[in-house]
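Reminder, nothing fancy here: chain letters follow the sequence lines and each chain counts from 1.
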Number of protein chains: 2
Amino acid sequence: MVTIYDIAQKAGCSAMTVSRVINNTGRISEATRQRILAIMKEMNYVPNAMARSLVKQESRLLSLLIPDLTNPFYTSLARGAEDAARDLGYRLLLGNGDEDLAKEKEYIETVLSARVDGVLLTPTGDQSLAHLKKLAKQRIPFVLLDREVPGMGSDQILGDSREGTRMLTDHLVTLGHRRIAFLGGSRLVSTARLRLASFEETMAAHGLALPEGYLIEADYRMKEIDRQITALLAMPEPPTALLAANNFLALRAIRALRSLGKRVPDDLSVVCFDELEAGFVVDPFMTVAAQPSYDFGVMGIRMLVDRIQQKAPESWRKVVLPPVLHVRKSSGPPASL
Amino acid sequence: MVTIYDIAQKAGCSAMTVSRVINNTGRISEATRQRILAIMKEMNYVPNAMARSLVKQESRLLSLLIPDLTNPFYTSLARGAEDAARDLGYRLLLGNGDEDLAKEKEYIETVLSARVDGVLLTPTGDQSLAHLKKLAKQRIPFVLLDREVPGMGSDQILGDSREGTRMLTDHLVTLGHRRIAFLGGSRLVSTARLRLASFEETMAAHGLALPEGYLIEADYRMKEIDRQITALLAMPEPPTALLAANNFLALRAIRALRSLGKRVPDDLSVVCFDELEAGFVVDPFMTVAAQPSYDFGVMGIRMLVDRIQQKAPESWRKVVLPPVLHVRKSSGPPASL
DNA sequence: TAATTTGGAGTTACCGATAACTCATAAATA
DNA sequence: TATTTATGAGTTATCGGTAACTCCAAATTA
């Protein structure tokens, strides 16, 4: 590939002069400038970003680490992040963590090695603390998306788990449901904890009981969920509605319900946090508390770049984006009404 | 950040010795090796990939350029690409081209500057030729995904547009449709051309007529499509089914139909190429000729890396992945039956 | 014992750029 | 006219690694 030295030789000047033309720095006569510009074009010169990064100690590279790109929440978040990064003159490195701490660790290593200027990530869970500490120790700025990690201060873009859960619960209660079960995620994830707490709180506020067995904590093996749903429906007083703490759980639950011959919403209403489908869907099914996922990406990148360019205040910033309730087909009045 | 020189100083050896430990090259005594390893861990050393790339003339970076990450076809393709890239020890730079030649051009520049080892891309269209030539001139290996570009030989992963269109057309004919309209994309995109040709061919094979106005070429402005659909339905003999050349067009068409008060499939069946929703959807609606998009990504990356590592034959390789028909709710017998 | 091989390093140059400094010449000023 | 200033460059060192070469001492071989 062509380097500034090749250009310099052809132009009969030093490499530094070429560098000055490229960067528009220093003093250069208009004649020289035009001559070098012409030679650069003629030789198809493209600056080597790595060489520049090495000396500038800045890579103009950001990293986005999310659990799963195919989850519509992250799809749209990633799109927002990429758009915002390009607008600000940064490139974006993509990684899927798969809710797997080992993969996350590996990816953090990659990211450190790539000398990215900053990282935007949804941590796997509380145990991601060690990974974040690595970033912090190397002074790589990062912004946490969606999930908090206790013990780690940082810039954050969060949803409102409390409010979203309240909206979903209220919606079910308004429809007439009294027996509502909760399908939650791992207690090692901040959003799962908050959503569970808010659910309990809201149910209590409505004076509704939470029988033993109505609170399910799912792990990530589907068979577990199948069994848990089966057990739930086998109770003497089974729920008439199910609130899932995220789209992933709702999807699994509905599959389990279907395999048990239950119809949604006729036999059981199901609602959840986060969209279950991306914008391409014609006929959305799930009633959800949707989060502005594209904005998570855009604002995350902006916050990150502000931090990198030290335009941000010293203290950590925390943005909370409100959810919106979309009432669709998966929720209806309880069958008994 | 810690460099090999810092490690060398602390270990009382030369930087080269440290480099040898890192890369497991050359001869090193076990004692020295362990000492250096310990110091590296103690000082949280992380190798600088950019510095290494600079001297090795290899970045271990690949680039994925797709039109739109939020399109489920590309979402899943991107996921496949990321998984495969990581498996092979490469990082992935992500870019959305938005079917916009200017954006694509910009991105090609970025990619050249980043000195990626290879590029995986869905070209915007035939006019992408100039961009591909740039890559070729700089000897950057690339693999084309989904779309061909006339005049540019290269490795390719393609779907079977001919077969997929035939399947969709046959499906509609089998349901009893005789008046089928075609909503195609820009003739500057290879897949759009192929699908149109295959549609005409298949209709002819069934002895079915294609009245004037049944073949729509859409541009990317939605208002155009609205008007085109309106005109289509205002014909003396309007179609009973619509075959859209891709998911994007089908989505637009269905929105237009709904705003005209038409129900799908009761008033009009709609089928299309490519999934309209990603895996998270509970209740898929569209009848589609689905392409194995995840495999597009995985195989594309593998083909690319083979080429980079010169494990590939000199000649261009072309893989064609077959589509699968998923019959769902958007297609049914014509209303007149 | 002398010559050769081998193990375990160190030295130097270079990858492609930029920062900081230097320097000659022409123009402006005293 | 002598001195200062501005213009338009060039030189050198450096970013953090690795390739290629060198080199010495111990071990092996003739």
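A 4.5 Å side-chain heavy-atom check between B/Gln138 and A/Asn44 finds at least one atom pair inside the cut-off.
Between the A/Asp155 side chain and the A/Trp316 main chain, no donor and acceptor come within less than 3.5 Å of each other. Within the 3.5 Å criterion, the main-chain N or O of A/Ala11 finds a donor-acceptor partner in the side chain of A/Arg35. A/Asn96 places no side-chain N or O within 3.5 Å of a backbone atom of A/Asp98 that could act as its donor or acceptor partner. In this structure, the side chain of A/Thr122 does not engage the main chain of A/Asp146 through any donor-acceptor pair within 3.5 Å. Side-chain atoms of B/Asp6 come within 3.5 Å of backbone atoms of B/Thr3 as a donor-acceptor pair (strictly under, hydrogens ignored).
The nearest whole Å value for the distance from the CE atom in A/Met50 to the C1' atom in D/dT14 is 17 Å. Between A/Arg115 atom CZ and D/dG16 atom C1' there is a gap of 8 Å when expressed in whole angstrom units.
Chain B approaches DNA chain C over the interval C/dG7 to C/dG16, counting the first and last nucleotide 5' to 3' with an atom under 4.0 Å from its heavy atoms.
Shown here is A/Lys105, whose NZ atom has no more than 12 heavy atoms of other residues, nucleotides or ligands within 6.0 Å.
Checked against B/Met152 for a side-chain contact (heavy atoms from CB on, under 4.5 Å), the options B/Leu135, B/Asp126, B/Leu129 give a single hit: B/Leu129. With B/Ser128 as the fixed residue, the side-chain hydrogen bond (donor to acceptor under 3.5 Å, both in side chains) test singles out one of B/Arg147, B/Glu104, B/Lys133: B/Glu104.
In this structure, B/Ser29 reaches the sugar-phosphate backbone alone: every heavy-atom distance under 4.0 Å involves primed, P, OP1 or OP2 atoms, never a base. When heavy atoms are screened at a 4.0 angstrom cut-off, B/Thr3 is found touching the sugar-phosphate backbone but no base atom.
Listed by first residue number, the stems of DNA chain C with at least three Watson-Crick or G-U pairs below 3.5 Å are C:1-30 with D:1-30.
Nucleotides of DNA chain C nearest to B/Arg35 and A/Pro47 differ in position, and the one nearer the 5' end is that of B/Arg35.
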side-chain hydrogen bond (donor to acceptor under 3.5 Å, both in side chains) between B/Ser29 and B/Thr32, intermediate numbers included: CA-CA 5 Å; B/Ser29 74; B/Thr32 310; 2.7 Å; yes

Evaluate the salt bridge (Lys or Arg N to Asp or Glu O under 4.0 Å) criterion for residues B/Arg79 and A/Asp68: first the C-alpha distance (whole Å), next the side-chain angles of each, then the deciding distance (0.1 Å), finally the verdict. CA-CA 8 Å; B/Arg79 180 64 216 248; A/Asp68 180 9; 2.8 Å; yes

Report, as a single string ordered 5' to 3', how protein heavy atoms within less than 4.0 Å touch nucleotides 18-27 of chain D: B base, S sugar-phosphate only, - not at all. BBBB------

